[in-house]
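Presented below is the structure to which this report refers.
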Amino acid sequence: MILLSLGLMASLIVFTFFLVWRRKINSLGLPVLAAGSFAYLYVFQPAYLLATDVLHVYLSDWQIIKTLLICAVMYSAFLWAWMTGGRKGRPGDQKGRWNYQKLYRRGLLLACFGIVLFVLFMRQSGVVLYFYSAPHGALGAWKQQTAWVYYGKLLVFPGLAMMLAAVLRGRASKFKWIGVASVAVAVLLNAVLMASRGTLFPLVVVMGVTSYLVVRKMPPTRTVIIGGVALCMAVLALVGYRSVLHLGKNVAEPKPFQKAMLAETSINDAHLQSDTAKTEFIYTAGIIKTVDQTQRYNLGVDWLYTVTIHVIPRLLWPGKPYGWSIGIAPEDMAQVLGWHINSGAAPGLVGDLFGEFGLGSFFLWFL
């Protein structure tokens, strides 16, 4: 039954790419991103953990089957709504003319502003070389500075998209292309030296998707699959080689390539001995079991916090709470499951939304 449930989830992924191949779904559409994410989190992870005889240490057969079926139902709701809810036909051309000179300048200004904010943050953490001398920016002054400064680097992505759109559609000089390349290389270097998948992934997606949208082309299905797999491997490599990708003197011995690729999915002896788990699939299964047993839901309260209290800088409100929650907590999960979630682990969208509304999250996936 586990293999049947796993096969059902895998079949939905294959069916999605079949629809992309038949041009029923745009190859730049969100179902492609969803299919890639679900393939890794809810097909590859459980399959690998089953093959290594680790999954049953944390989950029973029924928990595995139930989690896979819920993931399949939520994905089906999303795919169904995407197929039936969109308007058919191509949008008409926009009226008027774009001023690509202004678009480029404003994009460059936005990107530079984001870079300057992050450089100021690095200077606050010490000299720039000191900031990059430990894995994953561990020496940064994250607790001493407001997120309004160190998240300024996110401004680079819309700025880069504006610059790229301007050079592809307007009369681009080589200096403008140099500007685009310089910003992209700076972001790429930061992603590598920080081993930041949250920087590398949007950089590649922004550059790729912007290029196709601006020239009004759909990438071939083969390009999407090959590019997606390559990007996935690059993101996993950043995590697997995190102890190596920095400028410090204490550089660890590089892991073998296969071991580095599986670092995010593997559960080592230390986790087993301490009864902790870190993978998204196990985390999702734990949320589903805990919510079903306690019948406690967060009902979107943390989303309300995000758009109200969360946006107030802690510099202005030092005693600001870190969040609201009426749903399950890590302590509840440990009590119900008998094991703990590793600090920094992510639940994935299925687990996150299930923790908010349980099976009612089906309607959120549909919306």
Neighbour count >12 (heavy atoms, 6.0 Å) for atom CZ, R23: yes
same_hphob_cluster(V204, L189) at 4.5 Å side-chain heavy-atom cutoff: no
Ring-face cation of K217 near Y212 (centre distance under 6.0 Å, axis angle within 45°): no
Nearest atoms (heavy-atom pairs only) where T284 meets P347: OG1-O, 2.8 Å
Parallel, tilted or perpendicular: ring planes of Y58 versus W339, cut at 30 and 60 degrees: perpendicular
Pair F362-F354, side chain to side chain contact (heavy atoms under 4.5 Å, CB included): steps then yes or no: CA-CA 9 Å; F362 173 90; F354 198 92; over 6 Å; no
Non-hydrogen atoms of R296 and I328 that approach each other most closely: O-CG2, 4.0 Å
Aromatic plane relationship, W142 with F131 - under 30° parallel, 30 to 60° tilted, over 60° perpendicular: tilted
Residues L139, S125; criterion side chain to side chain contact (heavy atoms under 4.5 Å, CB included); working and verdict: CA-CA 7 Å; L139 298 177; S125 306; 6.0 Å; no
Separation between OG1 of T294 and CD of Q335, rounded to the nearest 0.5 Å: 10.0 Å
Heavy-atom side-chain proximity of L19 to W82 below 4.5 angstrom: no
In one Ile/Leu/Val/Met/Phe/Trp/Tyr side-chain cluster, 4.5 Å: L50, L4: yes
Neighbour count above 12 (heavy atom, 6.0 Å) for Q258 CD: no
Y42 OH to L68 CG distance, which is reported to the nearest 0.5 Å: 10.5 Å
Side-chain heavy atoms of I64 within contact of S5, under 4.5 Å: no
CD1 on I287 to CD1 on I282, rounded to 0.5 Å: 12.5 Å
Expected output: side-chain Y132 to main-chain G248 donor-acceptor under 3.5 Å: no
L168 to S211 - nearest heavy-atom pair and separation: CD1-CA, 3.7 Å
Rounded distance [0.5 Å steps], CD1 in I13 versus CE in M9: 4.0 Å
Heavy-atom donor-acceptor pair, Y283 side chain to G351 backbone, under 3.5 Å: no
Check: F118 ring centre within less than 6.0 Å of F121 ring centre: yes
Spacing of OH belonging to Y130 relative to CE belonging to M122, to within rounding of 0.5 Å: 14.5 Å
ILVMFWY cluster, W303 and V350 together (side-chain gap under 4.5 Å): yes
L364 reachable from I326 in the ILVMFWY side-chain graph, under 4.5 Å edges: yes
Cation-aromatic face contact R314/Y322, 6.0 Å, 45 degrees: yes
G355 backbone acceptor or donor facing N298 side chain under 3.5 Å: no
Exam field: side chain K320 to backbone P313, donor-acceptor pair closer than 3.5 Å: no
Closest non-hydrogen atom pair, S196 against K153: OG-NZ, 4.5 Å
Side-chain donor/acceptor of T146 to backbone N/O of W148, under 3.5 Å: yes
S266 (side chain) donor-acceptor with L262 (main chain) under 3.5 angstrom: yes
Side chain to side chain contact (heavy atoms under 4.5 Å, CB included) between I309 and W317, worked out: CA-CA 10 Å; I309 304 299; W317 186 0; 3.6 Å; yes
Check: T52 side chain, L49 main-chain N or O, donor-acceptor pair, under 3.5 Å: yes
Side chain to side chain, R106 and M162, heavy atoms closer than 4.5 Å: yes
Donor-acceptor under 3.5 Å (D332 side chain, A329 main chain): yes
Side chain to side chain, V206 and L203, heavy atoms closer than 4.5 Å: no
Q45-E280 side chain donor-acceptor pair, cut-off 3.5 Å: yes
N342 (side chain) donor-acceptor with A345 (main chain) under 3.5 angstrom: no
Within one Ile-Leu-Val-Met-Phe-Trp-Tyr cluster: V20 and M83, side-chain cutoff 4.5 Å: yes
Check: L79 and I25 side chains under 4.5 Å, non-hydrogen atoms: yes
Note, V205 side chain near F157 side chain (heavy atom, < 4.5 Å): no
S361 (side chain) donor-acceptor with F357 (main chain) under 3.5 angstrom: no
Contact summary for P31 and F78, nearest pair of heavy atoms: CA-CE2, 3.8 Å
Lys/Arg-Asp/Glu bridge criterion (N-O < 4.0 Å) met for R197, E264: yes
Side-chain heavy atoms of L200 within contact of L238, under 4.5 Å: yes
Nearest-0.5 Å distance, CG of residue L28 to OG1 of residue T210: 10.0 Å
Trace of the side chain to side chain contact (heavy atoms under 4.5 Å, CB included) decision for D302 with W324: CA-CA 6 Å; D302 50 351; W324 301 327; over 6 Å; no
Residue pair I65 / M1: nearest heavy atoms and the distance that separates them: CD1-CG, 3.3 Å
Pair F38 and Y75, ring centroids less than 6.0 Å apart: yes
Heavy-atom check, side chain of I225 versus side chain of R222, under 4.5 Å: no
Mutual orientation of the aromatic rings belonging to F18 and F15 [parallel < 30°, tilted 30-60°, perpendicular > 60°]: parallel
